[in-house]
Amino acid sequence: MDPRRLRYLQAMGIQAWELRRPLVGDGGGPPPPDEESLWRELIDEIARCTRCDLHRGRTRTVPGVGDRHADWMFIGEAPGEQEDLQGEPFVGRAGKLLDEMIRALGYRREQVYITNIVKCRPPGNRDPKPEEAAACAPYLKRQIALVEPEIILAVGRIAAQNLLKTNAPLSRLRGRVHDYEGIPLVVWYHPAYLLRNPPAKRQAYEDLKLAWRVYRERKKEADG
Ligand code: URA
């Protein structure tokens with residue numbers, strides 16, 4: 001079985017059995033769904049989701065955007081007002097700064113994949129509650145399994161704490177490399193914080209350099 005599909009099924013909690021020999025006669029049943037249909041199914045499920053109360057206040061769900069095979073995956077916290085209206089993550093002021101940082105890495109927004117811990121806007125832009133993040137986590141897991149990024153950037157404290165399952169403050173999480181199920185993860189300041197505290201941009205830039213070094217190393221190893 002294609003390793004990407006196997007990881008995706010594992011992310012869904014499905015035990016994937018592989019036949020050693022094809023079944024004689026009917027060819028082993030219906031063909032497995034292709035990647036395009038797995039994405040479609042995922043986006044549809046998110047659009048219809050009522051797993052937590054956030055669905056009551058949403059205008060649109062905000063599943064994610066970008067290259068579905070991107071090496072870089074940026075994971076923020078939750079949609080804000082503009083994101084809820086447009087159905088796209090990081091399109092407000094904070095998003096402009098995120099775009100700048102992505103450009104500093106040498107990419108355009110369409111070349112990375114951007115999503116959030118929760119896919120619906122929390123009222124008044126409050127932090128998502130642990131039960132809301134937990135309800136949404138299986139969607140994120142499936143996205144990560146499909147994209148298979150080489151590196152994850154956790155954008156802000158909420159994203160970092162949820163992905164790393166910790167309550168440690170951002171100051172203890174940034175500046176080093178973590179592991180998310182075999183994928184290197186670097187914690188980054190939330191751009192909304194950087195807008196309020198421009199001097200922190202220096203450290204944010206250091207974090208980007210760290211992420212870039214980790215990414216290059218990983219690519220070098222992969223390319224032999
Ligand atoms: N902040 C986030 O964390 N995510 C968005 O999509 C927008 C703002």
Can you tell me if R202 has over 12 outside heavy atoms packed within less than 6.0 Å of its CZ?
no
Quick one: are K119 and L140 in side-chain contact, heavy atoms under 4.5 Å?
yes
Can you tell me how far OG of S37 sits from CG of L42, rounded to the nearest 0.5 angstrom?
12.0 Å
All heavy atoms of A94 vs all of P191, minimum pair found to be O-CB, 3.4 Å
4.5 Å side-chain heavy-atom contact, D71 and R218
no
Steps toward salt bridge (charged side-chain N to carboxylate O under 4.0 Å, His left out) verdict (D127, R157):
CA-CA 10 Å; D127 292 349; R157 177 181 63 86; 3.2 Å; yes
Side chain proximity check, T115 to F74, heavy atoms < 4.5 angstrom
no
Minimum heavy-atom distance between T166 and A168, given as atom pair plus value:
OG1-N, 2.9 Å
Could you walk me through whether L97 and Y193 pass the side-chain contact (heavy atoms from CB on, under 4.5 Å) test, one step at a time?
CA-CA 11 Å; L97 186 53; Y193 173 81; over 6 Å; no
Check for a donor-acceptor pair, side chain of D179 on one end and backbone N or O of G182 on the other, with a separation under 3.5 Å.
yes
Got a salt bridge between E217 and K220, using NZ or NE/NH1/NH2 to carboxylate O under 4.0 Å?
yes
How far does NZ of K201 sit from CD of E100, to the nearest 0.5 angstrom?
6.0 Å
Would you please test I183 and E150 for side-chain contact (heavy atoms from CB on, under 4.5 Å) and show each step?
CA-CA 6 Å; I183 304 167; E150 296 291 342; over 6 Å; no
From E81 CD over to Q86 CD, what is the distance, rounded to the nearest 0.5 angstrom?
10.5 Å
Are side-chain heavy atoms of I75 and I117 found at a separation under 4.5 Å?
yes
K209 with E206: basic N within carboxylate O range, under 4.0 Å:
yes
Check: V91 main-chain N/O paired with K96 side-chain donor or acceptor under 3.5 Å
yes
State, to 0.1 Å, how close I152 and Y180 come at their nearest heavy-atom pair, and which atoms those are.
CD1-CD2, 3.9 Å
Hey, does the side chain of E83 reach the backbone of V62 with a donor-acceptor pair shorter than 3.5 angstrom?
no
Between Y139 and E45: side-chain donor-acceptor atoms closer than 3.5 Å
no
Can you check whether P79 reaches F90 side chain to side chain, under 4.5 Å on heavy atoms?
no
To the nearest 0.5 Å, how far apart are CG in D84 and SG in C120?
8.0 Å
Is the shortest heavy-atom distance from the side chain of V112 to the side chain of D67 under 4.5 Å?
no
Would you say I158 ends up clustered with L98 if hydrophobic residues are merged whenever their side chains have heavy atoms under 4.5 Å apart, either directly or through other cluster members?
no
I'd like to know if R109 pairs up with E88 as an ion pair, taking the criterion as any Lys NZ or Arg NE/NH1/NH2 lying under 4.0 Å from an Asp or Glu carboxylate oxygen.
yes
Under a 3.5 Å threshold, yes or no: a donor from one side chain and an acceptor from the other, between D207 and Y189?
no
I'd like to know if the side chain of H55 pairs up with that of E132 as donor and acceptor (distance under 3.5 Å, no hydrogens or angles considered).
no
A104: which residues meet the side chain to side chain contact (heavy atoms under 4.5 Å, CB included) condition with it, sequence neighbours left out?
L208
Can we say D53 and R56 salt-bridge, meaning some charged N sits less than 4.0 Å from an Asp/Glu carboxylate O?
yes
side-chain contact (heavy atoms from CB on, under 4.5 Å) evaluation trace for W39 with V147:
CA-CA 10 Å; W39 272 107; V147 174; 3.7 Å; yes
Euclidean distance, L210 CG relative to I151 CD1, rounded to 0.5 Å
7.5 Å
Does the pair L173 and Q161 meet the rule for a side-chain contact (heavy atoms from CB on, under 4.5 Å), with working shown?
CA-CA 9 Å; L173 298 174; Q161 290 179 337; 4.3 Å; yes
Please tell me whether Y113 and W72 form a close aromatic pair, meaning their ring centres lie under 6.0 Å apart.
no
For the CD1 atom of I43 and the OG1 atom of T61, what is their distance to the nearest 0.5 Å?
8.0 Å
Shortest non-hydrogen separation from A135 to C52 and the atoms involved
CB-CB, 4.1 Å
Give me the atom names and distance for the closest heavy-atom approach of A78 to V118.
CB-CG2, 3.4 Å
Look at the side chain of R58 and the backbone N and O of A47, then say whether any donor-acceptor pair between them is shorter than 3.5 Å.
yes
Minimum heavy-atom distance L170-G156, with the two atoms named:
CD1-C, 3.7 Å
Quick check: do P184 and H178 have side-chain heavy atoms less than 4.5 Å from each other?
no
Does the side chain of E77 come within less than 4.5 Å of P122's, by heavy atoms?
no
